[in-house]
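Given the structure is predicted, the values throughout are model-derived calculations rather than measurements. Each chain gets a letter, A, B and so on, in the order the sequences are listed, and its residues count up from 1.
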There are 2 protein chains.
Amino acid sequence: MSSARVIRPLRADAARNREKILRAAATVFAQRGLDASLDDVAAAADVGVATVYRRFADKESLVMALFESAIDEIAALAVAARGFENSWDGLVWFLEEVLQRQCSDRGLRDVVVGTPYDRDWVSAAKERLGVAVGALLDRAQRDGYLRRDVVVADIAVVEMMISSLGGAAAEVAPDLWRRYLALILDGLAAPGSGSLPAVPADEVVFAALRTPTGARHRPAGT
Amino acid sequence: MSSARVIRPLRADAARNREKILRAAATVFAQRGLDASLDDVAAAADVGVATVYRRFADKESLVMALFESAIDEIAALAVAARGFENSWDGLVWFLEEVLQRQCSDRGLRDVVVGTPYDRDWVSAAKERLGVAVGALLDRAQRDGYLRRDVVVADIAVVEMMISSLGGAAAEVAPDLWRRYLALILDGLAAPGSGSLPAVPADEVVFAALRTPTGARHRPAGT
DNA sequence: AGGATACGGAGGTTATACCTCCACTTACGG
DNA sequence: CCGTAAGTGGAGGTATAACCTCCGTATCCT
């Protein structure tokens, strides 16, 4: 019963195939999002489906292997943004970096937004992200660059709106999202024509935003 | 072969059921969008599926019967908005009215955005809409309320972004979208910190925005 | 009352996705 | 160079879901 199912190194061809699968999954998920089937990934990798399932227990394992680092990287961006001399520039830089990633990779967006593979490893990174973004906002507000009635949740919503647009248009107009980010940034920078109406999104709202329509059918997993 | 399949009035119960179906479809499509199945509509109407199909040839006929007037109404709003004393107020009023409708009715949004029942009767209304919105923008720009680098397509994109958000959050936070509309309006009103980057969306881009992910599977119709 | 009209819901058809089985092939240590 | 453990492909099992139809039964209307 020892957990000593130690690392038996993969056979050469198996290791090669594992890489092929990961590379194929990266491009397939980037283009079509996590809805893409593993059959498609297998085809793109020029490999049988069984090979995919032998290497990755199920779809989620593959997704996790692909995006674990990317998601940590995003959390790190928010921290890095604090290093900017000018707090507004830091915020803008952060948004551009994050959105650049999410708009060119529908799979990443799906993971970040949380549908449907919402798990601990994502939540943990999101926690850190929230704190770091909060710090960015505070500083930009203290410095007078950012309107006072904006909160962290608003940034998350803006990210969702823009990455949704950017992801959909990625193949025909990869830079379209920048136009609308610029527009929203001008809105964020404005002193504001009065304070923003309605309350920002809370956890309940985000849960709803993750679930396109009522209680959507889960993807057969579990 | 004569087209004289004239109006044989429906039997009393049939007419009653037709109304029940339309009412049920209105609420079901409003809540869950056009993805909702006709089986669901039938259940909500407390009627068998066959009854639905006897009254409406197929799903699109039902959708059309439901939304034909709503979509004309939207085009009319843009015209009505020109009647405002203040051109900015007219634009804001128009956006709020349109989004109010689209955010509280996912079905309407689906029809307007165009997935997947894009047809002549919609295009015609969209044509008129585009012209009227263009006039709104021109006036607001001449009056100095609206930044100069905004075009009609930008308004369409903004509507899509916000109605997407609003529709998703409708059940838990029906007014959330107003917050982000306000933010964007401030961005639209701002003189602009430089001109907007990237080119606005064109027809090709909108076509892509209508098609969630590559060539999505059509809904079995046709 | 009786014929035309309408009804319900089971089920045919099609489509898609996840994942497994198993006969065959390949790598590689001795 | 050969035997065997490791690996492979892809057909197909299982599940889900949506659209729409068939047909025995019920309801309306004259």
Can you tell me how far C1' of D/dT27 sits from CG of B/D13, to the nearest Å?
6 Å
Toward the 5' end of DNA chain C, by each residue's nearest nucleotide, B/A50 or B/P9
B/P9
Sidechain N-carboxylate O distance under 4.0 Å for A/E203, A/R210:
yes
Value in whole Å for how far the P atom of C/dG9 lies from OH of B/Y53:
16 Å
If you assign each of B/R16 and A/N17 to its closest nucleotide in DNA chain D, which residue comes earlier from the 5' end?
A/N17
Can you tell me how far P of C/dA17 sits from CG of A/D40, to the nearest Å?
6 Å
Between the side chain of A/D154 and the main-chain N/O of A/V151, is any donor-acceptor distance below 3.5 Å?
yes
Where do A/V112 and A/R101 land on the side-chain contact (heavy atoms from CB on, under 4.5 Å) test, with the steps shown first?
CA-CA 11 Å; A/V112 170; A/R101 284 166 174 76; over 6 Å; no
For D/dG9, does either OP1 or OP2 sit under 4.0 Å from a side-chain N or O belonging to A/T51?
yes
Closest non-hydrogen atom pair, A/F67 against A/L108:
CE2-N, 3.5 Å
Atom pair distance, as rounded to whole Å: CG in A/D35 and P in C/dT16:
13 Å
For atom CG of A/L38 and atom P of D/dA11, their distance in whole Å:
17 Å
Does any N or O donor sit under 3.5 Å from an N or O acceptor when you compare the side chain of A/R11 with the base of D/dA6?
yes
Closest of C/dA6, C/dC19, D/dA18 to the A/V49 side chain is C/dC19
Interatomic distance, B/D46 CG vs C/dG9 P [rounded to whole Å]
9 Å
Taking atom P of D/dC19 as reference, at what distance in whole Å does atom CZ of B/F56 sit?
15 Å
B/R18 near the nucleic acid: base, sugar-phosphate alone, or nothing, with a heavy-atom cut-off under 4.0 Å?
nothing
Assuming nearest nucleotide by heavy-atom distance, tell me which of A/R54 and B/R54 is located more 5' along DNA chain D.
A/R54
Quick one: B/L10 CG to C/dA6 C1', roughly how many Å, whole number?
10 Å
Using a 4.0 Å heavy-atom cut-off, does B/A12 contact any base of the nucleic acid, only the sugar-phosphate backbone, or nothing at all?
sugar-phosphate
Counting only heavy atoms not in B/R128, do more than 12 sit closer than 6.0 Å to its CZ atom?
yes
Just call it for B/D39: base, sugar-phosphate, or nothing, with non-hydrogen atoms closer than 4.0 Å on any strand.
base
